[in-house]
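Structure record follows, encoded as structure tokens.
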2 protein chains.
Amino acid sequence: MMKKYTIKDIAELAGVSKGTVDRVLHKRGKVSDSALKKVNKVLEEIEYKPNPIAKSLKNNKVYKVCILFPQSTQDSFWTPCISAVEEIENNYQAFGIAIEQHRYDSNSPSSFLDQANSIISTKPNALLMAPLFYKEAQEVKKNCLEKEIIISTFNNMIDKNSLSNYIGQDLFQSGRIAAKLLDSLTNSGHMLIVHIDEQVQNATHMQEKEKGFKKYFEEKKESHYKVSTISINKEQATNYAAHLQQYFNSNSDINGVFVTTSKTYIVAKFNKENYKKLKIVGYDLVEKNIDYLQQGSIDFLINQNPKKQAFQGLSNLAEHLLFGKEIPKAMLLPIDIINSENYKEYLE
Amino acid sequence: MMKKYTIKDIAELAGVSKGTVDRVLHKRGKVSDSALKKVNKVLEEIEYKPNPIAKSLKNNKVYKVCILFPQSTQDSFWTPCISAVEEIENNYQAFGIAIEQHRYDSNSPSSFLDQANSIISTKPNALLMAPLFYKEAQEVKKNCLEKEIIISTFNNMIDKNSLSNYIGQDLFQSGRIAAKLLDSLTNSGHMLIVHIDEQVQNATHMQEKEKGFKKYFEEKKESHYKVSTISINKEQATNYAAHLQQYFNSNSDINGVFVTTSKTYIVAKFNKENYKKLKIVGYDLVEKNIDYLQQGSIDFLINQNPKKQAFQGLSNLAEHLLFGKEIPKAMLLPIDIINSENYKEYLE
DNA sequence: TTTATAAGTGTGTTCGAGCACATTTTTATC
DNA sequence: GATAAAAATGTGCTCGAACACACTTATAAA
């Protein structure tokens, strides 16, 4: 347990005033060679860490941090993010962090862009967003950089190469996990990937998961596996059951299904009411999915943990603004496997 | 975004001095009725939250927090706790939290007691411990309360009734999860619970898991399930394989095994080299278990996440000491299901 | 009314970092 | 060597809470 040194301590040890030490520490010049040497010598001998509390008190600013993600009326997947915001507010409000929550229409790229630009025009210190639209997100990022607004993304990343403080999961690996789970549940060798999504924006998401899923079975050379894929879009949505029934009638060897979105309950409903032979692995702890998980119609859910993503993203920003902590370029969160017995502790 | 009020603001609004406001806030008396009313009125109208940063700066103490858990030479289960300590040190050292790490011999109750008492004699502000020994833990708790040392426990709780800041998992539920997993992997209907533990101290741990495991199959009334239990103790440890082989020879219908400790690799090794028909669910991301998980000899591991437990426990204490945050009486952490595809993100 | 005592109130300092400003020292120029 | 300009150095205040201490007012006893 070592002593905590202050600027005053250093000044005394070096035989100069705290003003001089301060100038050395901040490289503000106006320091003679001899003084510089004296201070640096002391600085080498001791380990000086500025007191972040004193720093923060002096600073005494209110930082505005905005978070932007889709409306949860359209997709309850996003609902848990609200409680992440609340928790962060409780934790950091007294430290001078003000969180502003903004939402956009997940069907409308222009809604996303409008919201983002309106946020940017208020010049917050930082913006955390879940960008569904690639092109628009690029533009938002550019605008933020221009206005010197720190930008982080969660759940959906803008681009793989120039990572910008991304918090989320490895989607490819996520697909592999689903594959491993279905592999342990079935033995038919024929799997079906179902993309159910009214929006096209999740395309990259679903593609990554599909790639990971297929890769797993490619690597498993011992036996011959077959993986098929279907997409159900909004037009067919009026009658999922008939659509699925038709498909399974002509592919009766399939008994493992991987649903790549939180709409897993749609296949589960079909299976429970009509088909009854499918093992199902899907995504996210939304209410309907949990119902079918409890009933046994869904075997496993993979938790994308939007709350933790938002929480972590906001934490990173707050700690950076308040105490100068570095924001990691990419944070890949664990991918939780959920069954009927362990979902509770992951909720809320 | 509301204004942040300071004591000075309140003083001005109430028409008194900041000293008077301070006395009202801290109920230190020496305030006239009229002044009290004036201040309280202002306090009702605005929402005053003292600035924790200023508070902490004024306080300017170094808090000593000790953590006590078993040596990891005996059981690598505890190794991750070390990095939890390191992370907490990085986060909180500058705020005046000094962590002291102490270890004890997991075979020796007296070692635990000695270590704990030697910690207590140095009068730290708080103690976080993983107590393997019930009786001794009670005594340590008593001693801490006497000396006004805040006490928290993780992984093993002292007693269910008078919970003392416990951080850990619901072990009963943990057994249920294992049951559900094995149920989804097998269909023989005969399961085996294996307790492998050189120490007796884990008894309650293992019992809770066993109860949960059995309860799951009791509730699943549709089919008749049989659950057997064996214990392998230190004396038999020289030849696990022969011992297991003998058991399975006379119980050849068993193909699902639930190992209640981190020694899961012992059954996995036997299965890989001799038996080859078991589905195995066990505990903890220790190196040997991960090897067998990758090879496919272990199907699922349940992650007790000692690192997160220690981290959370230390965080709670630090935030309490520094900023007066309340320490939750019990924190049940999520129970992670691990397979060969998602273990990586849970490591380190 | 005076004096003593208690009750109530306000002022000023501290914590450590950061920065403005005042002061001192050095260097350049006549 | 005197003077001005520049460079170097030190002093003092701020942030907000907390508390010691000084100060003022009210109350009681003489």
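The structure presented is a predicted model; accordingly, all values stated were derived computationally and were not measured. Atom set for the values below is all heavy atoms of this structure, side chains included, hydrogens, waters and symmetry mates excluded.
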Pairs involving residues 118-133 of chain A, ordered by first then second residue, that meet side-chain hydrogen bond (donor to acceptor under 3.5 Å, both in side chains) (sequence neighbours left out): Lys64(A)-Thr122(A)

Integer-rounded Å distance: dG16(D) C1' and Ile46(B) CD1: 14 Å

Output side-chain donor-acceptor pairs under 3.5 Å for residues 310-323 of chain A, partner residues at least two apart or in another chain, one line each.
unit_1	atom_1	unit_2	atom_2	d
Ser315(A)	OG	Phe311(A)	O	3.3
Glu319(A)	OE1	Lys325(A)	NZ	2.7
Glu319(A)	OE2	Tyr92(A)	OH	2.6
His320(A)	ND1	Lys325(A)	O	2.7

Distance in angstrom units between Asn60(B) CG and dA17(D) C1', rounded: 13 Å

Partner residues of Pro131(B) under the side chain to side chain contact (heavy atoms under 4.5 Å, CB included) criterion, sequence neighbours left out: Phe112(B), Met129(B), Ala137(B), Thr153(B), Asn156(B), Ile158(B)

Phosphate OP1/OP2 of dA17(D) contacted by Tyr48(B) side-chain N/O (<4.0 Å): yes

Qualifying salt bridge (Lys or Arg N to Asp or Glu O under 4.0 Å) pairs, either residue in residues 18-35 of chain B, two or more places apart: Asp22(B)-Arg28(B)

Electrostatic pair Asp170(A)-Lys344(B), nearest N-O below 4.0 angstrom: no

Terminal axes of the helix from dT1(C)-dA30(D) to dC30(C)-dG1(D) (five pairs each): angle between them, nearest 10 degrees: 70°

Residue pairs fulfilling ring-ring contact (aromatic ring centres under 6.0 Å, His included) with at least one residue in residues 8-59 of chain B, sequence neighbours excluded: none

No-hydrogen, no-angle side-chain donor-acceptor test under 3.5 Å, Asp9(A) and Thr6(A): yes

side-chain hydrogen bond (donor to acceptor under 3.5 Å, both in side chains) partners for Ser72(B), two or more places apart: Arg103(B)

Residues that Glu139(A) engages under salt bridge (charged side-chain N to carboxylate O under 4.0 Å, His left out), provided they are two or more places apart: none

Rounded distance in Å - CD1 (Ile53(B)) to C1' (dT14(D)): 15 Å

Contacts of Asn40(B) that satisfy side chain to side chain contact (heavy atoms under 4.5 Å, CB included) - sequence neighbours left out: Val24(B), Leu36(B), Leu43(B)

side-chain contact (heavy atoms from CB on, under 4.5 Å) evaluation trace for Lys308(A) with Leu333(A): CA-CA 8 Å; Lys308(A) 193 175 179 186; Leu333(A) 300 182; 4.2 Å; yes

Neighbour count >12 (heavy atoms, 6.0 Å) for atom CD, Glu146(B): yes

Atom-to-atom span, CZ of Phe95(A) to C1' of dC15(D) - whole angstrom: 15 Å

Under 3.5 Å between N/O atoms: give me all the protein pairs with nucleotides 25-28 of chain D, atom names plus distance.
none

For atom CG of Asn59(B) and atom P of dA17(D), their distance in whole Å: 14 Å

Touch class at under 4.0 angstrom, heavy-atom based, for Ile7(A) against every strand present: sugar-phosphate

Contact boundaries on DNA chain C for chain A, cut-off under 4.0 Å to non-hydrogen atoms: dG16(C) to dC19(C)

Polar side chain donor-acceptor pair, Asn51(B) to Tyr5(B), under 3.5 angstrom: no

Whole-Å distance separating the CG atom of Asn51(B) from the P atom of dA18(D): 10 Å

Summary of protein contacts for nucleotides 4-11 of chain D, nucleotide by nucleotide, where a base hit scores B, a sugar-phosphate-only hit scores S (4.0 Å, heavy atoms): ----SBBB

